[in-house]
Amino acid sequence: MKTDPKSNQRSERDISEHAAKLKTYRLNESEYELISKLLARPPRGIEWALFSALWSEHCSYKSSKVHLKKLFNKSARVVESFGENAGVVDLGEGERVAFKIESHNHPSYIEPYQGAATGVGGILRDIFTMGARPIALADYLCFGEPTASRMTQLVNGVVRGIGGYGNCVGVPTITGQTEFHESYNGNILVNAMAVGLFRPGDKIFLSKAKGPGNWVVYVGAKTGRDGVHGASMASESFEADSAAKRPTVQIGDPFYEKLLIESCLEVMKEDLVVAIQDMGAAGLTSSSFEMASKGGVGLSIHLDKVPLRDSSMTPEDILLSESQERMLLVCEPRKFDRIAAIFHRWGLDAVTIGEVTEKKTVELHWRGEVLTEIDPDLLVENAPQYQRPWQPLLPQNRVNERSEIGLKETDWTTFLKETLTDVRGTSREWVYRQYDSRVGASTARDCRDSVGIVRLKDSERGLGVVLGCRPHVMRFDARVGGVDSIAYPALELALKGFDTLAVTDCLNFGNPERENVMSDFVASLEGMNSICAGLAAPIISGNVSFYNETMGKNITPTPSTGLVGLRADVKNLPQSTFERSGQEVYLLRLPGLVVGGVAQEMRQKKITGLGIADADAICAFVRMALKLSEVQGVEATRAVGKFGLAYAFARMATDGFGARLDFEALKLARGGEIDGAALFEEHLYEAIFAVDSARARALDEAFAAVMKTWHASGVKPTLTRVGRTVAGRLEIGSLIETDTASLIENYHQGWGRGFADLH
């Protein structure tokens, strides 16, 4: 039998075209086969783009969903959790808050100003689309070494982008965290968190489309080409051509966002909206298909009615554009005129582009042609869920003796000053002074503290917001790092008198197709879960950001978290620095795990540690810290963190008042083990209290009362009086002796040494 050469050529061409299409739409062969099975035919035309967007890692969580289902996510306070734009918790007294953290890592590396700015804009829309007025922003940033390629440009662009958007839209940035490590040289992290308030009587709005015959309305700014294929871009690793991806980065306009906030909240207040969804990742595609799928209804959408900035845009461009400041809502036809009048008054478009249908299919029309008619569940609910290979992790980087952890310095005072000038330990003032932390007149504590605090105007209570995840602890042990990403910020909240209510997380990891990455991912989730359950603080919203990898090099696994807490008022908040002489200084300590930490990395050593992190004991310790912080007479508190005890005391001395610390008392507090190296080890967990000397006995009595009910197995915390505050000096036995002025000078000089052009 003869073979037709032309047939062979055609077959090879078909294969080549098929492979090219898979590459363009970032689908693999098995996914193509699954799509064909679901449709009972190969995908056609626009369907390629739809599946590419909604089955991307960024939208479908196909590598993480099997593990996310195990998260602790419920409590009596939770009103809305995963599945909606943001999580919502009930604060009582008619008040509720919506909050969420999300990543904008890839866009920010490609185009730092716009990438960071649109990250802020996107997370704000997740909040006010629920009906909550945004009241606070926070940002979690990880950069590479100051000497790395483009790093000054990246730091400058990201920080200015966050400030430029948040300041103009009128929402205060009240807290943040900025980390530096070489693993982020080629892939920075930009995570933005927003918090919104429902005042008494405000209604929560959801994204479930309903009511056949209701109209589908496009509102906000016009659609352009920016961000096309952005969701797919965020679902792959960087190679050498990352700059070529610049067209996939969105462009934001904070003034439009402000108009959109006010117009959306106004139509919600008048109860004109049936359902509403932000056009975020994957733009109109995700908003329309997700609204239909959640509501169990269909939609008929006319793409040629979408307001455009560029009349040459194709249906695929329109569907995948991630242009900013846009919403899709559903309303009753009789209410449309009022909706249009409100949006037009604010200078925004409000256009009917379709309607809700009873038949559960999404029909996409273009100039009289039906491009596709497809069940939305095929795209939203049927993405593959991968069981990526992973291995349970044994405890990592442990040593047998404490002496194996410690540093060997000859001058501990000099080393302390080195930690203050090192980019990992120096002041972040240059960063946060770009942000307006006080707009809105409700900020009680801003970026100068690790815990941002907002006063709730109706109840006068305090809402605390703090970010977590110390990447160096993740580099030590992924499970311990997961524990710490919840435990450390919860401790920070407790030390200011806040009871942790709930958590949002942004899980930043490398390539999930690598077993070691998935092993770290699973281990960190296990650690997070153990603490969340113990604190009854559910994870109720968040984001997974995989493929944070450049040229085969993955970032440090970084599960950043945002925690919210509540306290009765904002009066008598403990400070974070010593404020006067004569205060009694206490060290509250939980024996358990000690690591060499950032000090080891400063000396180019791998982080090692000794001991275990007992989740039950840690949760009990956090609750103890909350009780002690509420004792009358407690004037300042601080969690001991990176660089250990000496650095924590130095930070408390940055307002000019230091302390004279008794070496024998510190020995007693640390179980008899103390030397210069021990002052820079990191004990998980410790806290410093500064107490009015006349009220010190009350703290001792409160501690004794808590200890009577202590049930954590085999671990007992200690509270030890270790010294007294003095003006102008910090003395730790004879090991560290310095004036506070030099500490302050070093702390504020370090940024300029690392980033001379940004000082």
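What's counted below: heavy atoms across the whole structure, side chains too, no hydrogens, waters or symmetry copies.
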With side chains defined as the heavy atoms from C-beta onward, is the minimum distance between L735 and E409 less than 4.5 Å?
no
Do S541 side-chain atoms and A86 backbone N/O form a donor-acceptor pair below 3.5 Å?
no
When you measure from the side chain of T413 to the backbone N and O of E737, does any donor-acceptor pair fall under 3.5 Å?
yes
Could you give me the CA-CA distance, side-chain angles and deciding distance for R603 and E418, then say whether salt bridge (charged side-chain N to carboxylate O under 4.0 Å, His left out) is met?
CA-CA 11 Å; R603 292 297 185 247; E418 278 187 55; 3.2 Å; yes
Does the side chain of Y586 pick up a donor-acceptor pair with the side chain of D700 at under 3.5 Å?
yes
Below 4.5 Å, heavy atoms only, C-beta onward: do W412 and L407 meet side chain to side chain?
yes
Using the test side-chain hydrogen bond (donor to acceptor under 3.5 Å, both in side chains), find all partners of R670 that sit at least two apart in sequence or belong to another chain.
H683, E686
Let me see the working for D569 and R567 under salt bridge (charged side-chain N to carboxylate O under 4.0 Å, His left out), right down to the final yes or no.
CA-CA 6 Å; D569 55 47; R567 59 172 280 160; 3.4 Å; yes
Report the residue from Q575, E492, K496 that forms a side-chain hydrogen bond (donor to acceptor under 3.5 Å, both in side chains) with T637.
K496
Is the F415 to F680 ring centre distance short of 6.0 Å?
yes
Between atom CZ of F689 and atom CG of L699, what is the distance when rounded to the nearest 0.5 Å?
6.5 Å
Residue list, side-chain hydrogen bond (donor to acceptor under 3.5 Å, both in side chains) with S524, at least two apart or on another chain:
none
Within the structure provided, determine whether Y435 and L137 are in side-chain contact (heavy-atom separation under 4.5 Å).
no
For a quick test of reading the model, state the closest non-hydrogen atom pair linking A490 to L535 and the distance between them.
CB-CD1, 3.7 Å
Applying ring pair (Phe, Tyr, Trp, His ring centres under 6.0 Å), can you list everything that pairs with Y165, at least two apart in sequence or on another chain?
none
Listed by chain and number, what are the side-chain hydrogen bond (donor to acceptor under 3.5 Å, both in side chains) partners of N508, not counting sequence neighbours?
N105, N191
Close side-chain approach of L91 to L463, heavy-atom, < 4.5 Å
yes
For E460, is the CD atom crowded, meaning more than 12 foreign heavy atoms sit under 6.0 Å from it?
yes
Check step by step if side chain to side chain donor-acceptor pair (under 3.5 Å) holds for T558 and Y184.
CA-CA 11 Å; T558 313; Y184 306 107; 2.7 Å; yes
H472 versus G597, closest heavy-atom pair with distance:
CD2-CA, 4.0 Å
Heavy-atom side-chain proximity of V483 to R479 below 4.5 angstrom:
yes
Could you report the tightest heavy-atom contact between Y432 and C447, atom names first, then the distance?
CB-CB, 3.4 Å
With heavy-atom distances below 4.5 Å as the criterion, would you say the side chains of L588 and F703 are in contact?
yes
Considering all heavy atoms, the nearest P538-A536 contact
CD-O, 3.4 Å
Restricting to ring pair (Phe, Tyr, Trp, His ring centres under 6.0 Å), what partner residues turn up for F755, sequence neighbours left out?
F180, W751
I'd like to know whether CG of D458 has more than 12 heavy-atom contacts from other residues, nucleotides or ligands below 6.0 angstrom.
yes
Contact check, side chains of R433 and R448, non-hydrogen atoms, under 4.5 Å:
no
Just say parallel, tilted or perpendicular for the rings of F643 and Y647, cut-offs at 30° and 60°.
tilted
Rounded to the nearest 0.5 angstrom, the CZ-CD1 distance for F663 and I674 is 5.5 Å
NZ of K605: more than 12 outside heavy atoms within 6.0 angstrom?
yes
Test your reading of the model: is there a side-chain donor-acceptor pair from R660 to the backbone of R724, 3.5 Å cut-off?
no
Ring pair (Phe, Tyr, Trp, His ring centres under 6.0 Å) involving F657 - partner list, sequence neighbours excluded:
none
Side chains of I135 and S442: closer than 4.5 Å at any heavy-atom pair?
no
Pairwise distance CD(E179) to SG(C142) - rounded to 0.5 angstrom:
5.5 Å
Would you tell me whether D446 and S437 have side-chain atoms, one donor and one acceptor, within less than 3.5 Å of each other?
no
Any ion pair linking K417 and D411 (charged N to carboxylate O, less than 4.0 Å)?
no
